[in-house]
Structures are given as C-alpha cells and as structure tokens.
K.L.:
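Pasting in a structure now, in structure tokens, and then I'll have a few things to ask.
Order of the sequence lines sets the chain letters (A, B, ...), proteins ahead of strands, with each chain counted from 1.
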2 protein chains.
Amino acid sequence: MRTTIYDVAKEAKVSIATVSKVINNKGHISEKTKRKVQEVIVALNYQPNMMASALMGKRTKTIGLLIPDIANPFFSELARSIEDRGHEFGYNLVMCSTDYIQEKENKYITLLKRKSVDGFIIASGFENLDKIEELVKEDIPVAIVARDSPMFYVNTVALDDFMGGYLAASHLIELGHKNIGVIARDVWSNRERLRGFKQALEENKLEFTPDFEFIKEINHIEAGKYMTRKYLDAPHPPTAIFACNDLLAAGVIQGGKEVGMSVPEDLSVIGFDNTILATIIEPPLTTISQPIQNMGKEVMDIMISMITGEVKEKRRLTLLPSLVERKSTSKLTV
Amino acid sequence: MRTTIYDVAKEAKVSIATVSKVINNKGHISEKTKRKVQEVIVALNYQPNMMASALMGKRTKTIGLLIPDIANPFFSELARSIEDRGHEFGYNLVMCSTDYIQEKENKYITLLKRKSVDGFIIASGFENLDKIEELVKEDIPVAIVARDSPMFYVNTVALDDFMGGYLAASHLIELGHKNIGVIARDVWSNRERLRGFKQALEENKLEFTPDFEFIKEINHIEAGKYMTRKYLDAPHPPTAIFACNDLLAAGVIQGGKEVGMSVPEDLSVIGFDNTILATIIEPPLTTISQPIQNMGKEVMDIMISMITGEVKEKRRLTLLPSLVERKSTSKLTV
DNA sequence: AAAATAAGGTTAAGCGCTTCAACTAATGTT
DNA sequence: AACATTAGTTGAAGCGCTTAACCTTATTTT
C-alpha cells in the first residue's frame, strides 16, 4: 500500500501530529526532530494524500475552469495562461467545456463543488447567474474572466468590449467604409462589442446594417461563412465585415473566397481576439487584440488571493483592447 | 455549513449507512425507505462529498491529462474529444501542459497522484518512461495517446506515424519532388514520421536532405520559419517541405513568403495533424490527417475500462492516418 | 417444524489527515 | 523565588463517507 503518515511517524519514532506539523511547517518543532522526519519522508518517498487533508478543510489546490470550448484558440490560449500562472503556485485546473450551454455549466459546477475545488474561474457565456450567485452565497471563490456583466457582484477580469467594438468600427470608418456587416453571437461580450460598434456608427451618422442577426450555429467558421454569404447576397452588400472573433473572421474570409471576393480588395474584414489564427489566416487578419496572457495571469492572481483570503473586497479589472492592423482591411476603393 | 449525510439521515430518520446504501444503490433497502431518503436528499439538496468517498477508496472520477501544450490546436482538439467522451461517463479532466519538459511531467504526475486521480492519459512527448512505469507498478491506470513507444507495456491509442511519414513523402515524390526538406522535433512520434519518410525516399532511391536537424525552439511557428529560411539559404534548396505538424507548416509558409517564395508554385508544403489550422492557412494545407475525435474517444474508453476493471490485458490500438490534399502542394515544375 | 436463507436495517471501525487541548521542560520576567 | 510564557511533543477527536459485521424479522427450503 501507499506510504501514510503513520508509516513516517513510526519510522521517525514520533507521533503523526509531529509529522503533520513538520509537513505544514506549523507549531514548534525542534530542528533535530524536523530533520529526522524530513529524512524519513524522503527515504519512504512519502506523498501526503490531499483528499485526506481536503476533508479536514484544507485546500485541494484545484480550480474549476469553465470555458465555452477548449478547442477554440482564444480559450485554449487563455486556459494556457491561467494554467501557467496557477502552476507557479501549485494549482491545477479542471477543464470544462460548456459549449455556451447553461445546463452543462450548471452540471459542471455542481459536480466540481462535490469535488471540493477551491474556486471557479468562469469564462463561459452564461446569461443566467443563479448558479454563480449560489457560489458567492456559499462563499466559494468565483472569478469571471473575458466577459463582463455589470449587474453582478463578482470578481471580474474583463475586456472593455464596448471599446473593442468601437475601435473596430472606427478603423473601418476611417478607411471609408459606410456599409459594414457584423457577425456576432448572442452573448454578453458580443453584445457589448456591438454596442461599441453602433456607437461609432452613430457618431459618424452611419446606419447599422439591416441584415444583422445573431448567429446560432455553434461552429464559428461555418457561421462566419453562412453570414457572409447572406450579407453578400443582400441588395446592398457591405464593403466590410466586423466579425466578433477571429474564428468567425476566418469563416468570413473563406466565405468571401467561395464567391470570388478577395480580401481586402473587395471586402475588408476585421476580427476580434488576436489569437494565433490572426497571424495564420491569409491575408493576415486585422483584429482587435485582447491581452490574453495578462487576463489569465490577473484572474488567477485574483483567484488565489480569494482562496488565501488576502483580499476580501470584490473588484472589477477592465483591460483595454487595441487595434492590430494587418492586411485584411484596406481603404474603400469606389 | 454544507449538508452532510448525517443531516439526511436525521431528517429521514434512518442511519447514515442506509443513506449511503440508497445513494450507491447497494444492499437491500425497502422501496419505502429508499423513496423517503431520496425525497430528503432532494429537499435538502444534498450533494455527497467526493473527497470523503475517495478517502474510502472510491473513485474520484477525475483523470489527469498530460499534453505538451493546450494552446496547440492539435492538443486542444484532442483534449476536447477526450473531455467530451469522459463527460458522458461523469469524468473530469485535470489539464496539464508539460511543454515537452520531462521534469514538468513528473511533477504533475506526482501532484495528481496525491490528488488521487483515477488515472492518467498521457499525450506528452516524454522519453524517459520511469514515471510511467512507476504508475503501472502501482496499478494506477495509464493510457498513452497520440504517441507510441513499442518498448513499453501500456495501453496505447496511437497513430501509425511511420505510415504518416511514408504517405507524406510518397505524395511529394509522386508530384515529382526529389529534394525535400523535413522539419521535426526530437520526440518519438516525429522520429517515426521521419522513419516512414526516409523509407519512401529509399524506395525511390532519393537522398535524405543533408541539412536536416531537429528543432529545439518551443514555438512551432518560429521554428518552422527558422528552418525554412535555413533550407532556402542552402546551396541546393528543397522544392518541397514536410513539416511534422500543421503549426510548423504554418511557419514554413510564412517563412517562405518572407523571402518571396509562393506556395505551392515555388515550394510545396505538407503538414501533419489536419487541425483546424489546415483549413485556415492560405493556401489551404495539404496534410496528413489524424483521426483526432476517434483517438480521444478510444483512449477515454480504454481508460474507463481500466478504471472499472473490465479490461485487464493491455492493448495497443493503432489508427491509420490519411492524406488530405488541399492546395499547398503541387507538381514540380522544372 | 426445524434449519437455512433473504430482506431490511444498524453499529462501529476506519480511510489519512489536521488540530485542539494537554502536558512537560525550559526560559524569561519582575 | 514565584509566576508567566515559550518550546517541544503527544493523545485523541473528527472531517464525511463506505462497508464489514451483526442483529431482527420474514420467507423458503427440506
């Protein structure tokens, strides 16, 4: 069987209480005893069972990460940065892809609570906050990342999505585009981007595209293609499209190509996220950059400080997007 | 405090043993008692603490997933398919990115053992098998996926990497290429692909490129660019390049563009994996396809059957790659 | 009708750990 | 010298659960 604290205690000729204290560096232990116990621990290759200490109210050093889809580059890059920061402090992540499905998210939360995770980092696009509120009430650390939701009192690391949409629209407007299509999903972040987008339009006395509708399809690329075809088939096709993420933008470019439009000559395309895709897509994608690395680090830091109890008051950290100009947008040629 | 089994027992006026039996559907309990207990469970919203049952030797329903990098699309797609299959059976995944660093992998394994995960699915490119052997000896379920290593007796779901390399080379050779560069990392799967590649070369009496060296750089795209430049600067630059994954291929195409070579006219490029990138890259990437979905499902199925003890004997499932022709390769024009 | 088996439930031990209370011995304070 | 504090250690309780062992009572088996 596995080595337990009893084995160590017996071998070191002390009580298990002493061993426990040595491990956790608590209470008063003489240097001599401490050394002896540590030697035995090494000799027996003893690894404390975290289940047992978790049962005694200690931390599991495990955090639940809820994201819409780990196969989406934005989220896998975000997950990676969160994982890295957590790893520095000994935390592991349980990964849950929720596919924007509320039910799945709730099930995962319930399950992970039973597994006594120390906290939840949530990046999925839920609308219903009941489950989150439940966590907060039960004093389980929750932090939200890469989405915002001002009606709620939770630690949040978000992007200024409104600003992102505003930047995207402003860029296209500056290039002379007046008829701009938008592709978005009906989630909070996208709605904010849309709001920013409309704001810029309004300031320039431009009309919002009448053909807009939220996408429903889960597969972003397909959704991008579909909406693009729809836009280009309309009576007054747009000369530019703002896609609310890079994956959608990839779909737009593909959809455009399929009907013989070249980007950016016939159609300017701007994305959102600045994932690795943006550099790979041809033409390289002009996009709104989210500081992914930073978001991951910040949200993990907040999570850890909630767990350790250092920080009690809630805060909302809003990071700013920036425009990254590449080759998928160009001046409107009349 | 949280509702415990004691609360349920008291409320239902039975012993905690009875409650436990109802929950686990064990032993003989009258319908009446069963119903009563279940009602109370619902009424109190009781969620059994999995730490406690794990301590008693039951499963944690959590599996450790070791991969080189979740931000690499191949692994995030693989992770997603493993997660989905696991989710069907109530399993969660703890995600660990090891960056091909043995030390990191070992640390993660040690840590997750302490957390009593039910098993390990390993997709990282380790060379040293001591840690894995240790797991096998301790009777902890381990399954290896997306890599192979014939010197070891572990359940494995792998791709026929040799065949993959062979297919890639054959395709290029058929197109008339005689001088083909290769970009690979010094990991088992890549070495196998290389072996298959060389085999095809040999059968066609072609020479292996003298400029080959394994990449060391972690960032695949940069590595791809670097090696491409190196190849193209050589006295007899290759007319085609086989990149051992799609990310490297993306780097190759970018590197080629930077020196004014266009793909596939001046340089044919073939990738490996057939991730989402292959469809996004311009030109769309000809690549060797791995059945990612299937691999994920199969390895999770094996893992579950190991955990439940259904299957005792070890097996090695080898899936076959296939060539997906897109636009990045073309006939050699002399 | 006696013996064996099954049904329905309880008691209590124990998984591997943390921590409080308690005790002794040494050191500091006035 | 009398008292308080600190250092060093241990015993034992208990976290929330599972399960073997046990006890009744009801049902079969022979």
K.L.:
Categorize B:Ser15 for me: base, sugar-phosphate, or nothing, with a 4.0 angstrom heavy-atom threshold over every strand shown.
P.N.:
base
K.L.:
Nearest whole Å is fine: how far is C:dG16 C1' from B:Lys113 NZ?
P.N.:
16 Å
K.L.:
Starting the side chain at C-beta, find the nucleotide from D:dG16, C:dG9, C:dT18 nearest to A:Leu55.
P.N.:
D:dG16
K.L.:
Do side-chain atoms of A:Ser124 reach the backbone of A:Ile122 as a donor and acceptor pair under 3.5 angstrom?
P.N.:
no
K.L.:
Considering only C:dG9, D:dA7, D:dC17, which nucleotide approaches the side chain of A:His28 most closely?
P.N.:
D:dA7
K.L.:
What's the CD1-P distance between A:Ile16 and C:dG14, to the nearest Å?
P.N.:
14 Å
K.L.:
So what does A:Ser30 touch, heavy atoms closer than 4.0 Å: a base, only the sugar-phosphate, or nothing?
P.N.:
sugar-phosphate
K.L.:
Could you tell me how far apart B:Ile29 (CD1) and D:dT19 (P) are, to the nearest whole angstrom?
P.N.:
13 Å
K.L.:
So, are A:Glu138 and A:Lys113 salt-bridged, with charged N and O less than 4.0 Å apart?
P.N.:
yes
K.L.:
Please determine, for the side chain of A:Met56, which listed nucleotide (D:dC17, C:dG16, C:dT10) has the closest atom?
P.N.:
C:dG16
K.L.:
What nucleic acid atoms does B:Thr4 come within less than 4.0 Å of, heavy atoms only: base, sugar-phosphate, or nothing?
P.N.:
sugar-phosphate
K.L.:
What verdict does the side-chain hydrogen bond (donor to acceptor under 3.5 Å, both in side chains) test give for B:Thr60 and B:Asp118, after you've listed the backbone C-alpha separation in whole Å, the side-chain angles of each residue and the deciding distance to 0.1 Å?
P.N.:
CA-CA 6 Å; B:Thr60 55; B:Asp118 292 342; 3.0 Å; yes
K.L.:
When you measure only distances, ignoring hydrogens and angles, does the side chain of A:Tyr6 come within 3.5 Å of the base of C:dC17 through a donor and an acceptor?
P.N.:
yes
K.L.:
Does a side-chain N or O of B:Ser53 approach OP1 or OP2 of D:dG16 to a distance below 4.0 Å, or not?
P.N.:
no
K.L.:
Write down the distance between CG (A:Asn49) and P (D:dC15), rounded to a whole number of angstrom.
P.N.:
18 Å
K.L.:
Should B:Ser20 be listed as having a side-chain N or O under 4.0 Å from OP1 or OP2 of D:dT18?
P.N.:
yes
K.L.:
Atom CZ of B:Arg59 to atom P of D:dT18: distance rounded to whole Å?
P.N.:
14 Å
K.L.:
Working to the nearest 0.5 Å, report the span between NZ of B:Lys131 and CD of B:Glu105.
P.N.:
10.0 Å
K.L.:
Would you indicate, yes or no, if D:dT18 has its OP1 or OP2 atom less than 4.0 angstrom from a side-chain nitrogen or oxygen of B:Asn24?
P.N.:
yes
K.L.:
Whole angstroms only, please: what is the CZ-P distance between A:Arg114 and D:dC15?
P.N.:
19 Å
K.L.:
Quick one: pull up OG in B:Ser97 and CZ in A:Arg80 and give me the separation to the nearest 0.5 Å.
P.N.:
4.0 Å
K.L.:
Side chain of B:Thr18: nearest nucleotide among C:dG9, D:dC17, C:dC17?
P.N.:
C:dG9
K.L.:
Starting from P on C:dC17, measure out to CD1 on A:Ile41 and report it in whole angstrom.
P.N.:
10 Å
K.L.:
Could you check how far NZ of A:Lys58 sits from P of C:dG16, rounded to whole Å?
P.N.:
18 Å
K.L.:
Taking atom types as they are modelled, is there a donor-acceptor pair under 3.5 Å from the base of D:dT10 to the side chain of A:Lys21?
P.N.:
yes
